[in-house]
Each structure stands twice: as C-alpha cells, then as structure tokens.
Amino acid sequence: MSVLAFAEQRGGAVRQVAFETLTAGRGLADSLGVELVAVLVGPPALSSEAAGLGKYGADRVIFAGSESFEEYAPEGYTDAVAKAAGQTGAKAILFPASAQGRDLSPRVAARLGAGLATDVTQVSVENGRIVAVRPAYGGKVLFKVGFKAEPALLSLRPRAVAAAESPRDAQVTTLELDQPRELTKVSTATGEQKERPDVAEAEIIVAGGRGVGGPEHWALLEELADALGPGTALGASRAVVDAGWRPHGEQVGQTGKVVAPPLYFAVGISGAIQHLAGMRTARCIVAVNKDAEAPIFKVADYGIVGDLFEVVPRLSEEIRKLRSQE
Amino acid sequence: MNIIVCVKRVPDSESRIAKAADNASIDTQGAKFVLNPYDEYAVEEALKLKEGAGAGSVTVMTLGGDESKETLRTALAMGADQAVLLKGEPSVDGLGTAEKLAEAIKGREYDLIVFGKQAIDNDNLQVPVMVAELLGVPCANVVVQLEIDGRTATAHREVEGGHEILEFGLPAVVAAQKGLNEPRYASLKGIMQAKKKPLEEIEVGDAESRLEILEVTYPPEPTAGEIVGEGADAVPELVRKLREEAKVI
Ligand SMILES: Cc1cc2nc3c(=O)[nH]c(=O)nc-3n(C[C@H](O)[C@H](O)[C@H](O)COP(=O)(O)OP(=O)(O)OC[C@H]3O[C@@H](n4cnc5c(N)ncnc54)[C@H](O)[C@@H]3O)c2cc1C
Ligand SMILES: Nc1ncnc2c1ncn2[C@@H]1O[C@H](COP(=O)(O)O)[C@@H](O)[C@H]1O
C-alpha cells in the first residue's frame with residue numbers, strides 16, 4: 001500500500017509544487033504507515049530527474065516516460081497516474097492545485113471513481129481516516145472533509161505546505177504504458193513565458209493597487225521585485241486589472257488568485273474584503289498606504305503610512321543593500 | 001451547432017455565509033442566489049457560437065432542486081433555447097454531480113458542452129473535467145479564448161506564467177474562465193420569452209458524495225500588526241523587522 005504523490009514537471013524541470021506535494025505525502029505516509037511513491041510523468045529524457053525525488057521523502061519513484069509527453073497530455077497523464085495508483089495500492093493520491101494538477105486530479109478521480117478534495121491547505125490522519133481542510137465559498141469558511149472510501153484524492157494549494165527535505169535512496173521503476181490516448185493536443189503559447197514566477201506560487205509577492213496611479217509607474221514595483229530576488233512575483237488588485245494596467249493573471253482576490261506566500265507587499269491597495277479573501281493567509285503582510293485608516297492595515301503585520309512613491313524606492317534601495325551584504 | 005451548458009445556482013459572492021447549527025453545513029438563509037458567475041461566461045459563449053454558426057440550439061442543464069428553475073430561467077432569458085432540470089441533490093465533491101450530468105448528456109446530441117470553471121459555493125473546480133473523462137471526450141479547462149473551425153477547436157487556457165494552447169476535435173467539453181467574453185444582460189423581451197421556453201424536468205435522484213463535511217469553521221480573524229512608522233524614514237526599521245523578527249527576507 002502507498003501514498004502516491006504526483007511530481008509535477010513542466011518543460012523538463014520538476015516544479016517547486018512537486019516538492020511541496022512530496023513533503024505533504026511524506027507526512028501522510030508516515031501517519032498511515034505506508035510507503036511514499038512519487039509518480040513522475042514526462043518525456044523519456046526526464047528519467048534523470050526521477051531518483052532526485054528521494055530528497056523530499058519519496059521511498060520509490062515510478063517514472064512514466066513517453067515521446068508524447070513533451071507537453072502536458074491530459075489523457076495520457078491520467079492513464080499513467082491511474083495505472084501507478086493501481087500498481088501501488090494507493091490509499092491516497094496527492095496533486096498540487098496548480099493549473100496542471102487542477103486539470104489532472106479530477107480526471108484521475110473520475111477514472112478511479114474516487115473522491116477528490118480540491119485546494120487543500122491541511123491534511124492529516126484522524127483515527128486512521130484521512131481528513132483534509134479546504135476553504136470554500138471564496139474563503140469565507142473552511143470545510144474539514146473526510147473521505148468515505150479510498151483512494152482519497154487531494155490537490156494541495158501551492159505554498160500551503162513548505163517543502164522540507166527528508167532524503168532517502170529512492171529506487172526508480174519504469175511504468176509500462178500502452179499507446180497513450182491523445183484527444184487533446186497541448187502546446188505552450190510562445191513569447192508568453194515570463195521570467196517571474198506565477199503569483200499563485202511565488203515566495204514573495206509585490207502587489208500594486210490603484211494607488212500606484214497608472215501602468216507607467218509599475219517600474220517602481222518591478223524594481224522592488226528585482227531587489228527581493230527571483231522568487232518574487234508581481235500581483236495586482238482588481239481595480240488595477242479592470243483598468244487594464246495589469247493582466248488578469250496577476251489579480252489577487254476573490255475573483256483572482258488565492259495566494260499564501262511567506263511574504264506579501266500590498267502597495268497602494270486599500271484592502272477591500274474581496275482582495276483580503278485572496279491574500280489573508282500570507283504568512284507576513286506588509287502594507288504601504290498613505291491613508292492610516294485604510295483597512296489593509298487591519299491585516300498587515302507591518303505597515304508604513306506614507307507616499308508609496310517615496311517609500312517603495314527606499315525599500316528597494318535598503319533591500320539591495322541588505323542583499324549585497326550577504 | 002448544438003450546445004449544452006451546465007449551470008449551477010449559488011449564493012451571490014456578496015452574501016454573508018454562515019455555518020449552520022450542526023457545524024457541518026452552510027446556513028443559506030438570507031443569501032441571495034444567482035446563476036454562478038463563471039456559468040454566465042459559459043452561457044454567453046454558447047450563445048455567441050450558436051449565433052456565429054447561424055443554426056443549432058443552446059440547452060441549459062442543472063442538477064438541483066425546484067429552486068434551480070429560477071437559475072435556468074435566467075439563462076433562458078439571456079437567450080438559451082431550452083432548459084433541463086435534473087432533480088436531485090448535487091454531491092459534496094464533484095464526481096457524483098458529474099456522473100448525473102454525464103448520464104443525462106449521453107443520450108443527447110451535442111457538439112459542445114460548456115461549463116464555468118468553478119462553482120463559487122464549494123469552489124471544487126472538478127465537474128467539467130470529470131464529465132469529459134466520463135464521456136470520453138476532450139476537454140479544455142480554464143479557457144480564456146476559444147475558436148471553432150468546423151469540427152476542430154482551439155482554446156487558450158491559463159497556466160502559471162502564461163497560456164497553453166489546446167487543439168481538439170468536437171464533440172468536447174470547455175470550461176470558461178473570466179475574460180472569455182462579456183456576458184450579456186437579459187433584455188426585458190428575453191425575460192418575457194424565457195417564461196414560455198421549454199423546461200424539461202427529470203427525476204434523477206441525489207448524487208453520490210464521496211466526501212463528507214465533518215466540520216465547518218471560520219478562518220481565523222487576521223490580527224492587525226504594527227505601524228512601523230511614517231514615510232521613507234521608516235523603511236530601515238521595516239527591513240530590520242522583516243529580517244530579524246519575521247525572518248522572511
Ligand atoms: C464580486 C466582487 C469581486 C471582487 N474581486 C476582487 C478581487 O479578486 N481582487 C481585488 O483586489 N478586488 C476585488 N474586488 C474589488 C474590491 O472591492 C475593490 O474595489 C478593489 O480591491 C480596490 O482596489 P485598490 O485597493 O487597488 O483600489 P482602491 O480601493 O481605490 O485603493 C487605493 C489605495 O491606494 C492608496 N493610495 C493612493 N495613492 C497613494 C500613494 N501615493 N501612496 C500610498 N498609497 C496611496 C489609497 O489610500 C487607497 O487605500 C471585487 C469586488 C466585487 C464586488
Ligand atoms: N449541480 C450542477 N448542475 C449543473 N452544472 C454544475 C453543477 N455543479 C457544477 N456544475 C458545473 O461545473 C462547473 C464547475 O463546478 P465545480 O466543479 O463545482 O466548481 C460549474 O461552473 C458548472 O458549470
């Protein structure tokens with residue numbers, strides 16, 4: 001019997017969310033007293049990455065390689081994960097609640113006739129039963145859910161679990177695949193890949209609101225993001241996205257993305273309830289706003305009351321100074 | 001072009017959501033119910049495609065109770081041709097609901113089934129992909145752009161840091177994300193006509209739930225932190241605190 005963790009990769013690189021999934025899977029496997037098996041799906045050349053998954057706690061790795069897996073292949077991946085689940089007697093299958101995981105996990109659930117809990121922030125075992133906590137109704141409530149049967153399928157909200165190393169020598173086995181089904185042909189839109197991480201998965205987010213005044217001032221926030229380092233994403237309030245200053249992919253909040261980074265900067269954002277719904281679970285929130293009464297200060301861990309056009313450049317400067325001393 | 005649109009009745013996002021006395025369900029008394037916002041994009045896309053094709057029909061379908069007729073009428077008022085109410089309780093997780101929908105769709109002729117990407121009550125993001133898998137047809141999820149040329153479709157979907165382009169043949173499932181289109185408002189004429197459009201009712205029984213809600217809680221109230229200071233002069237102290245207290249930089 002096993003806990004199975006789907007190790008997401010894109011473009012041949014294992015993604016950070018895979019390590020988070022493995023970490024959560026390690027905990028679950030220990031509680032259940034079963035082995036943790038990572039399943040890695042991708043092009044044949046990816047097999048070199050497989051053994052490395054032992055670093056985050058995989059006892060063993062199942063590699064499903066195929067020429068038709070250069071890009072995400074919904075049907076082929078589904079078949080591979082379902083087969084791995086059958087072979088290992090999976091009691092639970094963990095996915096990241098990423099774009100790929102959100103597409104793949106319901107497919108596998110439908111294939112196995114299993115229950116799926118989406119966007120889980122906590123998973124544990126109570127009296128031998130797998131239970132999960134997940135937000136619902138736009139984060140207004142939390143559901144603690146139990147599974148009526150196994151396998152239990154869960155997708156984990158990125159950054160809800162911090163990746164932790166738990167190294168072991170993971171043996172790699174190769175999954176024999178039948179001719180993969182391919183109903184949907186996927187390709188990556190060219191010229192769109194940004195160098196910054198996505199807002200849903202970033203370690204640090206610098207989010208700007210209407211107070212920033214216009215798209216031409218975003219250079220200020222970019223400068224701060226650059227100073228903070230490569231794990232930093234840009235975020236935006238809805239006011240900014242609706243005005244066309246920033247793309248919808250950056251919107252944080254009830255109708256945008258729900259994020260839980262270790263550090264969140266809210267710059268010129270008032271802190272409307274719908275915005276808070278998307279970022280209140282960030283571990284550390286910093287607000288810069290010229291209005292001392294702005295509601296964002298009610299959730300911020302640290303605030304500076306002042307003009308962002310003075311505060312933000314200084315912040316970039318101080319952080320660069322700090323980084324150069326490291 | 002024959003299109004089925006699956007829609008759900010949900011509490012409006014502005015509604016106050018409270019846990020019920022049993023601590024394991026939601027008290028929806030006093031909530032205002034609406035057509036799920038993402039399903040508005042789905043209805044709009046179906047209407048546009050039908051109008052573009054110049055022929056065909058748009059059928060809206062829901063699994064729910066009698067009260068869901070109001071939701072179906074809303075979609076009919078936007079311009080859908082007919083409605084189907086599958087009478088039964090949706091499931092806690094997505095699969096039971098997907099099974100009921102797939103079962104009902106199986107016997108019908110369709111080129112496309114359009115969904116919203118997410119129902120804003122349980123926030124499951126599951127049903128569309130599951131229906132596609134159960135029916136064995138291709139699926140594009142979280143779609144922000146869709147083009148159909150004869151029997152092939154091209155969809156753009158949101159992924160981290162960009163878009164993926166999906167190509168697939170019809171029939172297929174598509175789930176709409178915000179940005180796909182601008183949903184139209186129902187005209188007065190549309191609202192009047194909706195009352196006369198066919199609404200079929202089928203008893204299907206309750207969907208099977210593979211999950212159960214054990215407890216409903218509220219997220220912890222965030223606690224206000226401190227104002228470090230005013231203006232740019234407060235920045236060095238902020239940076240020190242982020243480094244030494246919060247240990248986040
Ligand atoms: C159904 C629904 C869903 C919604 N979903 C979302 C969502 O997902 N995400 C979201 O963000 N919003 C959402 N909203 C909108 C939300 O209610 C607010 O309107 C929006 O968040 C406001 O954006 P803002 O904070 O950028 O703008 P404002 O509220 O206008 O705030 C601007 C802030 O900038 C400050 N400021 C101005 N100039 C300066 C300066 N020079 N220096 C420092 N500070 C300055 C001001 O004091 C003010 O606090 C939703 C609303 C509805 C009804
Ligand atoms: N009870 C239901 N009846 C019809 N369609 C539904 C139902 N529940 C969900 N859907 C559809 O599936 C989409 C995604 O829902 P969910 O997986 O619950 O987030 C919704 O936007 C609807 O299009």
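Residue numbering restarts at 1 for every chain, and letters A, B, ... go by the order of the sequence lines.
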* Calculate, to the nearest 0.5 Å, the distance between atoms CD and CD1 belonging to A/Glu203 and B/Ile249 respectively. => 12.0 Å
* Please report the shortest heavy-atom distance between A/Val145 and B/Leu214, naming the atom on each side. => C-CD1, 4.0 Å
* **Among B/Pro11, B/Cys139, B/Gly169, B/Ala153, residue most engaged with chain A (heavy-atom pairs, under 4.5 Å)** => B/Cys139
* To do: Please test B/Gln126 against A/Thr118 for side-chain hydrogen bond (donor to acceptor under 3.5 Å, both in side chains), starting from the C-alpha separation and ending with a verdict.
  => CA-CA 8 Å; B/Gln126 297 183 9; A/Thr118 318; 2.7 Å; yes
* Asked: Which residue out of A/Ala97, A/Gly229, A/Ala114 racks up the most heavy-atom pairs below 4.5 Å with chain B?
  -> A/Ala114
* Go through A/Arg181, A/Glu75, A/Glu317, A/Gln100 and name the one with the most non-hydrogen pairs under 4.5 angstrom from chain B. => A/Arg181
* To do: Output the distance between atom OH (A/Tyr137) and atom CD1 (B/Ile17), rounded to the nearest 0.5 Å.
  => 6.0 Å
* Structure fact -> Most heavy-atom pairs under 4.5 Å with chain B, out of A/Val299, A/Leu315, A/Leu322, belong to A/Leu322
* Can any side-chain N or O of A/Arg134 pair as donor or acceptor with the backbone N or O of B/Asp123 at less than 3.5 Å? -> yes
* Is the backbone of B/Ala24 close enough, under 3.5 Å, to the side chain of A/Lys144 for a donor and an acceptor to pair up by distance? -> no
* What is the minimum heavy-atom distance between B/Pro219 and A/Gly139, and which atoms define it? -> CG-O, 3.3 Å
* Contact class of A/Val288 relative to chain B, heavy atoms under 4.5 angstrom -> neither
* Structure fact -> Heavy-atom nearest pair, A/Val311 first then B/Ala232, reads CG2-N, 3.9 Å
* Please check if atom CD in B/Glu244 has more than 12 non-hydrogen atoms from other residues, nucleotides or ligands closer than 6.0 Å. => yes
* side-chain contact (heavy atoms from CB on, under 4.5 Å) between B/Leu166 and A/Tyr72, intermediate numbers included -> CA-CA 10 Å; B/Leu166 279 69; A/Tyr72 172 56; over 6 Å; no
* Asked: Which atom pair, heavy atoms only, marks the closest approach of A/Pro106 to B/Val129?
  -> CB-CB, 4.0 Å
* **B/Glu212 with A/Lys148: basic N within carboxylate O range, under 4.0 Å** => no
* Structure fact -> Value for OG1 (A/Thr188) from NE2 (B/His163), rounded to nearest 0.5 Å, stands at 12.0 Å
* Side chain, backbone, both or neither of B/Glu237 within contact of chain A (heavy atoms, under 4.5 Å) -> neither
* Decide side-chain contact (heavy atoms from CB on, under 4.5 Å) for A/Leu142 and B/Tyr218; before the verdict, give the C-alpha distance in whole Å, the side-chain angles of both, and the deciding distance to 0.1 Å. => CA-CA 6 Å; A/Leu142 301 175; B/Tyr218 297 115; over 6 Å; no
* Structure fact -> Of the listed A/Val186, A/Ile304, A/Val133, A/Asp119, the one with the largest count of heavy-atom pairs under 4.5 Å with chain B is A/Ile304
* **B/Asp22 atom CG, over 12 foreign heavy atoms within 6.0 Å** => yes
* Asked: Side chain, backbone, both or neither: which part of B/Leu95 has a non-hydrogen atom closer than 4.5 Å to chain A?
  -> side chain
* Structure fact -> Checked B/Glu133, B/Glu245, B/Glu99 vs chain A; the most non-hydrogen pairs under 4.5 Å come from B/Glu133
* Structure fact -> Bottom line for B/Ala234: the part with an atom under 4.5 Å from chain A's heavy atoms is both
* Under a 4.5 Å cut-off applied to non-hydrogen side-chain atoms, are A/Gln274 and B/Glu14 in contact? -> yes
* Structure fact -> One should read off an interatomic distance between B/Arg210 CZ and A/Glu150 CD, to the nearest 0.5 angstrom, of 14.5 Å
* A/Val131 versus chain B, heavy atoms under 4.5 Å apart: side chain, backbone, both or neither? -> side chain
* **Distance in Å, B/Glu221 CD paired with A/Lys298 NZ, rounded so as to fall on 0.5 Å steps** => 11.5 Å
* Asked: Which heavy atom of B/Met130 sits nearest a heavy atom of A/Ala109, and at what distance?
  -> CE-CB, 3.7 Å
* With the side chain counted from C-beta on, respond yes when A/Tyr302 and B/Ile227 share a heavy-atom pair under 4.5 Å apart, and no when they do not. => no
* Are any of the side-chain nitrogens in B/Lys241 or A/Glu318 under 4.0 Å away from the carboxylate oxygens of its partner? -> no
* Is it the side chain or the backbone of B/Ser209 that comes within 4.5 Å of chain A heavy atoms, both, or neither? -> both
* Asked: When only pairs under 4.5 Å are counted, which of A/Pro313, A/Gly306, A/Pro135, A/Ala300 shares the most heavy-atom pairs with chain B?
  -> A/Ala300
* Asked: With a 4.5 angstrom heavy-atom cut-off, which part of A/Leu228 approaches chain B: side chain, backbone, both or neither?
  -> side chain
* Asked: If you count heavy-atom pairs under 4.5 Å with chain B, which of A/Asp307, A/Asp198, A/Ile285 comes out on top?
  -> A/Asp198
* Asked: Just checking, is any N or O donor in the side chain of A/Gln254 or B/Ser13 under 3.5 Å from an acceptor N or O on the other one?
  -> yes
* Does the side chain of A/Asp103 come within less than 4.5 Å of B/Arg157's, by heavy atoms? -> yes
* List the steps, then state whether side-chain contact (heavy atoms from CB on, under 4.5 Å) holds for A/His248 with B/Gln177. => CA-CA 11 Å; A/His248 179 252; B/Gln177 162 70 315; 3.7 Å; yes
* To do: Please confirm whether the backbone N or O of B/Ala132 pairs with a side-chain atom of A/Arg107, one donor and one acceptor, at under 3.5 Å?
  => no
* To do: Begin from the C-alpha positions of B/Glu164 and A/Ser187 and carry the test side-chain hydrogen bond (donor to acceptor under 3.5 Å, both in side chains) through to its verdict.
  => CA-CA 6 Å; B/Glu164 266 174 6; A/Ser187 56; over 6 Å; no
* Other residues, nucleotides, ligands: >12 heavy atoms within 6.0 Å of B/Lys48 NZ -> yes
* Side-chain contact, heavy-atom cut-off 4.5 Å: A/Phe147 with B/Leu211? -> yes
* To do: Could you have a look at B/Arg243, B/Lys19, B/Glu230 and say which one has the most heavy-atom pairs with chain A under 4.5 angstrom?
  => B/Arg243
* To do: Say whether, by atom type as modelled, one donor and one acceptor occur between the side chain of B/Asp93 and the main chain of A/Gly115 under 3.5 angstrom.
  => no
* **Interface residue of largest heavy-atom contact number with chain A, from B/Asn124, B/Val142, B/Val137, under 4.5 Å** => B/Asn124
* To do: Applying side-chain contact (heavy atoms from CB on, under 4.5 Å), run through A/Arg314 and B/Asp233 and close with a yes or a no.
  => CA-CA 8 Å; A/Arg314 181 72 187 275; B/Asp233 291 343; 4.0 Å; yes
* Heavy atoms only: give me the nearest B/Phe168-A/Leu183 pair and the separation to one decimal. => CB-O, 3.6 Å
